[in-house]
Amino acid sequence: MLDLSDSVHIEKKTLFAEVVLPLPIAKNYTYRVPFDRAADVNVGKRVVVQFGKSKLYTGVIISLGEKAPEKYEAKYLMDILDDEPLITPQQLAFWDWISGYYLCNPGEVMNAALPAALKLASETRISLNTEYNFDKSELNDKEFLIIDALEIQAELTVSEVSKLLGQKTVMPVLKMLFNKNIIHIAEEVNERYKPRKRSFYGLNPVYRNQEQLKELFEILEKRAPKQLDAVLALLQLSKQKQQVTKAELEEAAQVSTAVLKALVEKEIFLVEERIVSRFSNSEEDAESTFELNEYQEKAFKQINQQFEQKDVVLLHGITSSGKTQIYVRLIEAVIESGKQVLFLLPEIALTIHIIERLRQYFGNKIGVYHSRFNDNERVEVWNKVLSGEYKVVLGARSSVFLPFNNLGLIVVDEEHENSYKQFDPAPRYHARDAAIYLSTLYKAKVLLGSATPSLESYYNAQQHKYGLVELNFRFGEAVLPEIQVISIPEETKNKTMQSHFSTVLMQDIESALEKKEQAILFQNRRGYVPLLICKTCGFTPKCINCDVSLTLHKSTGKLHCHYCGYKEDVYAVCPACGSVHLEQKGYGTEKIEDELSLLLPSARIVRMDLDTTRTKMAFQNILSDLEDKKTDILVGTQMVAKGLDFSDVTVIGIVNADSLLKFPDFRANERSFQMLAQVSGRAGRRGKKGKVVIQTYDPHHRVISQVIRNDYAEMYQMEMAERLQFKYPPFYRIIQLDVKHKNAEALFHQAEYLGNALKKQFGDRVLGPEFPLINRIRNYYIKTIILKIEKEGTSMVRVKNILKETIVQFQTEKISKGNLIRIDVDPY
DNA sequence: AGCACGCCGACT
DNA sequence: GTCGGCGTGCTC
C-alpha cells in the first residue's frame with residue numbers, strides 16, 4: 001500500500017544532531033540522525049553514540065541542523081533514549097554558561113550535572129538490586145539473560161552485557177531494568193552521609209496494663225531496687241516529653257548504664273534508634289511557629305518590595321533572628337503562584353533541622369538533593385523536579401543542575417559559606433553565583449541569606465546591585481552565657497596565671513568537670529609553637545615557598561608551613577649562627593593540650609584541629625566522643641566552633657583572643673565567638689550556667705567589648721565599612737588558582753584564564769564573583785598566587801611561556817613536579 | 001576519558 | 001637490535 005506520508009518523508013532532508021558527550025573534550029560532535037528516527041529527535045534528549053574506536057557513550061542533543069559536516073562523514077546516532085527531552089533548554093543554556101565562565105569543557109559540566117545512572121557508557125558497571133524482589137516471569141528473554149548473568153557474576157559492564165546479548169544496542173534494555181528498579185548502576189565507593197542517631201528509651205508496651213506493671217514493681221522491689229528506680233524515672237520523664245535519652249534517664253534515676261542495660265536485656269525497656277538533627281534540639285524547634293513577629297513581618301515586606309526592582313536581595317539577619325520563618329513565607333507565596341523554589345544549603349549533613357522544619361511545613365512537595373545520595377534516589381528527584389511534582393528542592397550545590405521547569409525563587413542560605421564552591425573536579429563553580437545566573441534564565445528572584453554576608457555580596461548590596469534587607473532583632477530572647485574577660489597582662493602581674501590559663505578559667509573548668517559537665521578551649525593556632533627566634537642573631541625559620549615563619553609541631557617533630565604544607569626537620573642549633581638559644585614564641589593547640597593535661601592529669605582531653613582531623617571520620621569521632629561524654633575537654637582551632645549542639649558543654653575558654661582580633665578573615669572570628677557563646681548558651685537553657693572566658697592582652701579592644709554586649713551586627717558592619725571604604729584597596733576577581741591538574745592542557749587553560757582575569761582586573765578593578773578562593777591572600781587582595789605542579793611534562797614549556805607573558809612578575813625557575821610556583825602580583 | 005602513535009632509554 | 005615508558009593528538 002502506498003502512503004502519501006511516506007513520500008513526504010523521503011523528501012525530508014537528513015538531520016544532523018550536535019551532541020555533548022560526558023568527556024573532557026573541547027568540542028561537541030555531530031552525528032547523523034537515522035532516517036526513520038527523524039521524528040523522534042529533539043534538543044535535550046539523550047542519545048547513545050559511538051565515540052572513538054569502539055566506545056559507546058550517552059550524549060545529549062544540544063542542537064539539530066540539516067547541514068552535513070564538510071570535513072568528515074558523520075556517524076549515525078545509535079539510539080534515542082528519551083521519549084521526552086530530559087534536559088530543559090534552560091539547563092542547556094546554563095551548562096553553556098558554566099563551561100564558559102568557569103573555563104571547562106561542556107562534557108565536564110554534563111558530567112557534574114547528570115546523575116551517573118542517566119549517562120550509561122560502555123564501561124559503566126551494573127549490578128542487581130538485592131533489596132528488590134521481582135517476578136522473573138515478567139521479564140523478557142533479554143532481561144532474563146542479563147539477570148541470570150548477574151546472579152553468577154555480581155557486576156557486569158555495559159559492554160559485557162552487549163557481548164552477552166550479542167547485540168550492540170543494550171542501553172534501552174538496561175534503562176528498562178533500571179526503571180523497574182531491578183538493577184543498580186554501580187557507584188564509586190564514596191562515603192555516604194551518616195545521620196546522627198540517638199537511642200531513646202521507652203517502657204515495653206505490655207506494661208501499659210496496670211496489672212502487669214504492678215507485678216513488675218513487686219518483682220523489682222525485692223530483687224533489683226535500682227532497676228525499679230529507673231522504671232519509675234522513665235515513667236516520670238515520659239509524662240514530660242516524648243523522647244527520653246539515656247543520659248536523661250541516668251540523670252533522673254541516678255543509676256548506672258549497667259542497670260539500664262539489664263532492663264533492656266529483660267525487655268522491660270525498649271530502645272529505639274532515631275535519626276536526630278545534628279544541630280539544635282528538635283523539641284525546641286518544633287515549638288517555634290511560622291508566625292512572623294513584627295520585625296520579621298517588616299523584613300518580609302521589604303524583601304518583596306525590593307524584589308520589584310532588584311532580582312537579587314541580600315537578607316542580612318543576625319543569628320536567631322528567625323530567617324527560616326521568612327524563607328518559609330516566601331517559599332509559600334512562590335508555590336502558590338505555581339512556581340518552583342530552589343533552596344540551597346551549604347552542607348546538607350549539618351542542616352537536617354531545616355529540612356525537618358520545611359518538610360513539616362511543605363510535606364511531600366519538597367525534595368532533597370545531594371551529591372551523597374545514591375543514584376537511584378538522585379534520578380528519582382530529577383524526574384520529580386522535571387515533572388513538577390516537587391515544588392521545593394532543598395539541596396547542596398549540585399542541585400543547581402536539576403531540571404526545573406518554572407523556577408520562581410532561589411534561596412541561598414548561609415550565602416557566605418565557601419562550601420558552595422566546588423574545588424576538585426571541573427567545573428569549579430560557585431553555586432551561589434551559578435544560582436544567580438540560573439535565576440536570570442527563569443526570570444526568577446534570588447534571596448541570599450546570612451548572618452555574616454560575604455564581602456562580595458555585601459559590596460554588591462552597597463552598590464545597589466542587590467537589594468538589602470537587615471534583620472537585627474534577636475528572636476525569643478536567646479539565653480546568653482556569662483562572658484568574662486580576663487586581662488592576661490594583669491593576671492601575669494598578679495601571678496595568677498598557671499601556664500596559659502588564668503585562675504578563673506581553671507576554676508571554671510574544674511567546677512564544670514566536678515559537675516560532669518564539659519569544656520571547650522579555643523586556641524586559633526595549630527601546632528606547638530608558631531614562631532622560633534634565635535636569641536643570638538634573630539634568625540627565624542621560614543618557608544622556602546611562602547615566606548612565612550614555620551610552626552613547630554611536636555607530634556611530627558618537624559617545622560611545618562601552614563600555607564603550602566612544606567616541612568623540614570627541627571634544628572637543635574640556629575642554622576644561621578650556631579647558637580643553641582632558640583626561643584619559642586607563642587603557643588598552639590598542641591601546647592595547650594600538653595600543658596592542660598599536666599594541670600588536670602585526670603581529665604580526658606582531646607585536641608581537634610586540622611592535624612587530628614585529616615580524615616572525615618576522625619572529625620566525626622571526636623565530636624561523637626564529646627557528645628557521648630567520653631571527652632571532658634576539647635581543645636581546638638576554628639573547627640570546634642562549627643556550630644554543633646553539645647548539651648553539657650558549659651565552659652568555653654578562649655585561651656588567647658588576640659589572634660582572633662587580628663585575624664584577616666573577620667567572618668571566621670566573628671562566627672567563632674558567636675558559635676562558642678551559643679554552645680554554652682544552649683547549656684544555660686537547660687538549667688545549667690553557661691560561661692565564656694575570654695583571655696586577652698587587649699581587654700579594651702573594640703571587638704571584645706562588642707562580644708560582651710553581644711553586638712555582632714554592629715561589629716560586622718563596622719568591619720565591613722572599613723573594608724569597603726577606607727582600609728583596603730579595591731577588590732579583584734580571583735579565580736581558582738591552586739591548580740592540581742595532571743593534565744597539562746587544563747593547566748594551560750587555567751593559566752590562560754588567570755592571565756585574562758588579572759589583566760581584566762587590573763584594568764577595571766571589579767569585585768569578583770567568588771571571593772576569596774585562596775585563603776593565603778592577606779587583606780583580601782591578591783599579592784601572591786601559588787600554582788602547584790602535580791605532573792611535569794613537555795607541554796610545561798608552553799604553560800611557562802603563557803605565564804611569562806601574562807603575569808607581571810614571574811619566577812620560572814621552579815617549574816617541576818611537586819613544586820609550587822609562586823607568582824607575585826603587583827596591582828599598581 | 002580512552003586509545004593509537006611515535007619518540008627515547010634499558011634490556012634479553 | 002626491541003620492549004616499554006610517557007607525551008601528544010584524535011575521536012563526529
Side-chain angles (χ1 to χ4, degrees), chain A residues 13-35 37-38 41 43 45-81 92 95 99 103-125 157-160 162-163 168-169 171 185-188 424-428 739-752 789-802 815-818:
Chain A
K13 282 188 188 163
T14 313
L15 277 176
F16 290 91
E18 183 120 333
V19 174
V20 205
L21 293 164
L23 300 171
I25 42 180
K27 290 186 296 173
N28 297 320
Y29 287 82
T30 309
Y31 286 83
R32 184 189 294 265
V33 180
F35 230 58
R37 302 300 301 269
V41 288
V43 169
K45 281 186 182 174
R46 288 176 306 147
V47 290
V48 180
V49 295
Q50 195 185 67
F51 188 74
K53 208 150 181 244
S54 58
K55 290 278 174 281
L56 299 182
Y57 290 98
T58 301
V60 172
I61 301 178
I62 55 163
S63 70
L64 289 166
E66 290 183 348
K67 212 165 157 254
E70 283 164 15
K71 297 190 176 158
Y72 53 86
E73 188 69 14
K75 282 187 188 166
Y76 277 100
L77 292 179
M78 296 185 65
D79 218 322
I80 297 155
L81 288 177
L92 291 176
W95 290 9
S99 81
L103 239 113
C104 63
N105 299 308
E108 290 173 313
V109 186
M110 175 181 166
N111 243 339
L114 282 189
L118 295 179
K119 44 182 193 219
L120 286 173
S122 35
E123 295 313 304
T124 310
R125 287 164 299 123
T157 67
V158 171
S159 33
E160 281 167 338
S162 165
K163 253 182 240 156
K168 258 189 168 178
T169 51
M171 304 289 197
I185 306 303
E187 292 167 74
E188 332 75 83
D424 220 5
R428 299 180 170 73
V739 182
K740 284 186 188 153
H741 292 287
K742 55 178 191 280
N743 183 333
E745 197 67 20
L747 183 56
F748 179 86
H749 271 279
Q750 209 79 46
E752 195 173 52
I789 307 299
E790 293 238 322
K791 202 168 173 179
E792 190 178 3
T794 47
S795 62
M796 209 50 92
V797 178
R798 264 162 43 184
V799 175
K800 210 166 168 174
N801 288 335
I802 288 286
I815 300 193
S816 59
K817 191 176 168 179

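Below, chain A is the first sequence line, B the second, and so on; all start at residue 1.
In this model, no side-chain donor or acceptor of A:Tyr31 finds a partner on the base of C:dC12 within 3.5 Å.
With rounding to whole Å, A:Leu21 atom CG is found 9 Å from C:dC12 atom C1'. One interatomic measurement links the two molecules: CG of A:Leu23 to C1' of C:dG9, which rounds to 15 Å at whole-angstrom precision. A:Ile61 has its CD1 atom 17 Å from the P atom of C:dC12, to the nearest Å. Rounded to an integer number of Å, the gap from CZ of A:Arg32 to P of C:dC12 is 14 Å. Here C:dC12 presents its C1' atom at 11 Å from CG of A:Leu77, a figure rounded to the nearest Å. Spacing between atom CD of A:Glu73 and atom P of C:dC10 amounts to 20 Å, rounded to whole angstrom units. Distance CE (A:Met110) to P (B:dA1): 15 Å, rounded to an integer number of Å. Per the geometry, CZ belonging to A:Phe51 stands 8 Å off P belonging to C:dT11, to the nearest Å.
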field: Verdict with reasoning, A:Arg32 to A:Glu73, per salt bridge (Lys or Arg N to Asp or Glu O under 4.0 Å)
entry: CA-CA 9 Å; A:Arg32 184 189 294 265; A:Glu73 188 69 14; 2.9 Å; yes
task: Begin with the C-alpha distance, continue with both residues' side-chain angles, and end with the deciding distance and a verdict on side-chain contact (heavy atoms from CB on, under 4.5 Å) for A:Val49 and A:Met78.
output: CA-CA 5 Å; A:Val49 295; A:Met78 296 185 65; 5.7 Å; no
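No contact: A:Lys71 has no heavy atom under 4.0 Å from any strand. Looking at heavy-atom distances under 4.0 Å, A:Pro69 makes no contact with the nucleic acid at all.
Residues meeting the salt bridge (Lys or Arg N to Asp or Glu O under 4.0 Å) test with A:Glu70, sequence neighbours left out: A:Lys67. Contacts of A:Lys71 classified as salt bridge (Lys or Arg N to Asp or Glu O under 4.0 Å), with partners at least two apart in sequence or in another chain: none.
Looking at A:Tyr31, its side chain never comes within 3.5 Å of a backbone N or O of A:Val48 through a donor-acceptor pair. Of the possible donor and acceptor atoms, one in the side chain of A:Lys119 sits under 3.5 Å from a partner among the backbone N and O of A:Asn111. In this structure, A:Arg46 contributes its side chain and A:Leu118 its backbone to a donor-acceptor pair below 3.5 Å.
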For nucleotides 2-5 of chain B, which of its nitrogen or oxygen atoms have a protein nitrogen or oxygen under 3.5 Å away, and what is each distance?
| from | atom 1 | to | atom 2 | distance (Å) |
| --- | --- | --- | --- | --- |
| B:dC3 | OP1 | A:Lys55 | NZ | 2.7 |

